[in-house]
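Naming convention: chains lettered A, B, ... in sequence-line order (proteins, then strands); numbering from 1 in each chain. Since we're looking at a predicted model, the values are computed, not measured.
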Amino acid sequence: METIKIVSWNVNGVRAVYKKNFMQWLLTDQPHVLCLQETKAQDDQFPAEIAQLDGYTVYFASAQRKGYSGVATLSRLKPKSSQVGMGIEKFDTEGRLLQLDYGGFLLLNIYFPNGKQSNERLQYKMEFYDAFLKYAQNLRRQGKSLIVCGDVNTAHREIDLARPRENAKTSGFLPEERAWINRFLSQGYIDTFRMFTKEGGHYSWWDQRTRARERDIGWRIDYFFVSEDLADKVKSAFIQKDIMG
DNA sequence: TCGTACGTATA
DNA sequence: TTTTCTGCGC
DNA sequence: TATACGTTCTAGCGCAGAAAA
């Protein structure tokens, strides 16, 4: 069976990366499937060159609010079906989940809420986490195999961020957020990056305020999870840290 | 994130 | 019509 | 008093929408 390359990228504005080097990157990297988060665009606001890209079909899950959140999946493989959201209105209106059914597996492109803004948003994030776990487990009970990728907005363990002690009380590394990842994994999912890389020092997000990227003071908050039945089918998992979003 | 200022706790 | 400003979220 | 510790503050980008040019 041939190898499929799936890439996840929080672009922080699809129109902004389009003006930079998005197209060159895409034509060079040529993933079979590309999962984008934080597109910050309605379906009809996507650059036409992306929306009508030769060889790819583009699926959207945009937020109601303009310029906010939103995920999209570009696919060279034809899925059997697609679905936006979990069927829960308070979560689905923020454009955070897009599901493609490829028969052998479901691909869930997901952008979990950021909890840094306020207690209300942290609570919303935790509710989203719980709702998603229930949703995923329901799919598992239906016999589905899952690939879950995207921006989880939480570093799992101390080796997943450069400053664990300093951030023990910061959303993104709170005990309850980390505990949810533990609970999720314990229900039969694999953090694929950790299948191949055991040591720390590998990050996917860096604070802009202090130009932390230059010094590699970062967090690993973007993941590829698979349901454990797919584990032996995963060939590799890595972070392209030199690509700027 | 980092360094700092400031308040509070501890000996 | 284009540029500049303010506000929001991250 | 002297020291330790915990809390606080805080940039710049991408976008929307209104105002100004």
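- At a threshold of 4.0 angstrom between heavy atoms, the contacts of A:Gln37 with the nucleic acid are absent.
- Nearest nucleotide to the side chain of A:Tyr111, out of C:dC10, C:dG9, B:dC2: C:dC10.
- Every residue meeting the salt bridge (Lys or Arg N to Asp or Glu O under 4.0 Å) condition with A:Arg194, not counting sequence neighbours, appears here in chain and number order: A:Asp160.
- C:dC10 atom C1' lies 13 Å from atom CD of A:Glu94, rounded to whole Å.
- Checked against side-chain hydrogen bond (donor to acceptor under 3.5 Å, both in side chains), A:Lys5 has the following partners two or more places apart in sequence or in another chain: A:Asp29.
- If you measure from atom NZ of A:Lys116 to atom P of C:dC10, you get 11 Å, rounded to the nearest angstrom.
- The nearest whole Å value for the distance from the CG atom in A:Asn10 to the C1' atom in C:dG9 is 13 Å.
- In terms of the side chain to side chain contact (heavy atoms under 4.5 Å, CB included) criterion, residue partners of A:Glu199 (sequence neighbours excluded) are, by chain and number, A:Thr197, A:His202.
- Hydrophobic clustering, with ILVMFWY side chains joined whenever heavy atoms are under 4.5 angstrom apart, keeps A:Ile181 apart from A:Ile147.
- Taking every heavy atom of residues 151-165 of chain A and every atom of DNA chain B, pairs under 4.0 Å involve A:Arg163, by number.
- Closest to the side chain of A:Ala16, out of D:dG14, C:dC10, D:dA16, is D:dG14.
- Considering only the side chain of A:Arg15, D:dC15 comes nearest among D:dC15, D:dG14, C:dC10.
- To the nearest 0.5 Å, the span separating NZ on A:Lys241 from CG on A:Asp216 amounts to 3.5 Å.
- Dashed line: the shortest gap from a side-chain N or O of A:Lys66 to OP1 or OP2 of D:dG17 is under 4.0 Å.
- Taken together, the paired segments of DNA chain D that extend over three or more consecutive Watson-Crick or G-U pairs, each closer than 3.5 Å at both contacts, are B:5-11 with D:1-7, C:1-10 with D:12-21.
- By the salt bridge (Lys or Arg N to Asp or Glu O under 4.0 Å) test, A:Arg215 is found to be paired with no residue, residues two or more places apart in sequence or in another chain being considered.
- Between the CD atom of A:Gln42 and the C1' atom of D:dA16 there is a distance of 11 Å, given to the nearest Å.
- One can place CD of A:Glu38 at 13 Å from C1' of C:dC8, the figure rounded to the nearest angstrom.
- Taking side-chain N and O atoms only, A:Gln45 has a distance below 4.0 Å to OP1 or OP2 of D:dA16.
- Not counting sequence neighbours, A:Glu158 has no partner by the salt bridge (Lys or Arg N to Asp or Glu O under 4.0 Å) test.
- The hydrophobic cluster around A:Tyr203 extends to A:Trp206, counting ILVMFWY residues whose side-chain heavy atoms fall within less than 4.5 Å of a member.
- Of the N and O atoms on the side chains of A:Tyr59 and A:Gln99, not one donor lies less than 3.5 Å from an acceptor on the other residue.
- Going from the P atom of B:dG7 to that of D:dC9 covers 13 Å, rounded to whole Å.
- Using a 4.0 Å cut-off, some side-chain N or O of A:Tyr68 falls inside it from OP1 or OP2 of C:dC10.
- A search for salt bridge (Lys or Arg N to Asp or Glu O under 4.0 Å) contacts involving A:Arg209 returns A:Asp207, not counting sequence neighbours.
- Atom pair A:Gln64:CD and D:dA16:P shows a separation of 15 Å (rounding to whole Å applied).
- Residue A:Lys125 places none of its side-chain N or O atoms closer than 4.0 Å to OP1 or OP2 of C:dC10.
- Rounded to whole angstrom, the span from the CH2 atom of A:Trp219 across to the P atom of C:dC10 amounts to 15 Å.
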**Request:** Output, in order, the C-alpha distance, side-chain angles, deciding distance and verdict of side chain to side chain donor-acceptor pair (under 3.5 Å) for A:Lys233 and A:Ser145.
**Result:** CA-CA 11 Å; A:Lys233 295 194 166 61; A:Ser145 303; over 6 Å; no
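- Applying the side chain to side chain donor-acceptor pair (under 3.5 Å) definition to pairs two or more places apart or across chains, those involving residues 72-88 of chain A are A:Thr73-A:Asn109, A:Ser75-A:Tyr102, A:Gln83-A:Tyr135.
- The phosphate of C:dC8 (OP1 or OP2) has no side-chain N or O of A:Arg121 nearer than 4.0 angstrom.
- Taking A:Glu228 as the reference, A:Ile190 meet the side chain to side chain contact (heavy atoms under 4.5 Å, CB included) condition, with sequence neighbours excluded.
- For the pair A:Arg213 CZ and D:dC13 P, the computed distance is 14 Å after rounding to whole Å.
- Contact annotation for A:Lys40: base contact, defined as any heavy-atom pair under 4.0 Å involving a base atom.
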**Protein proximity profile, nucleotides 4-12 of chain D - base contact B, sugar-phosphate-only contact S, no contact -, cut-off 4.0 Å on heavy atoms** = ---S---BB
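- OP1 and OP2 of D:dC15 both lie 4.0 Å or more from every side-chain N or O belonging to A:Arg65.
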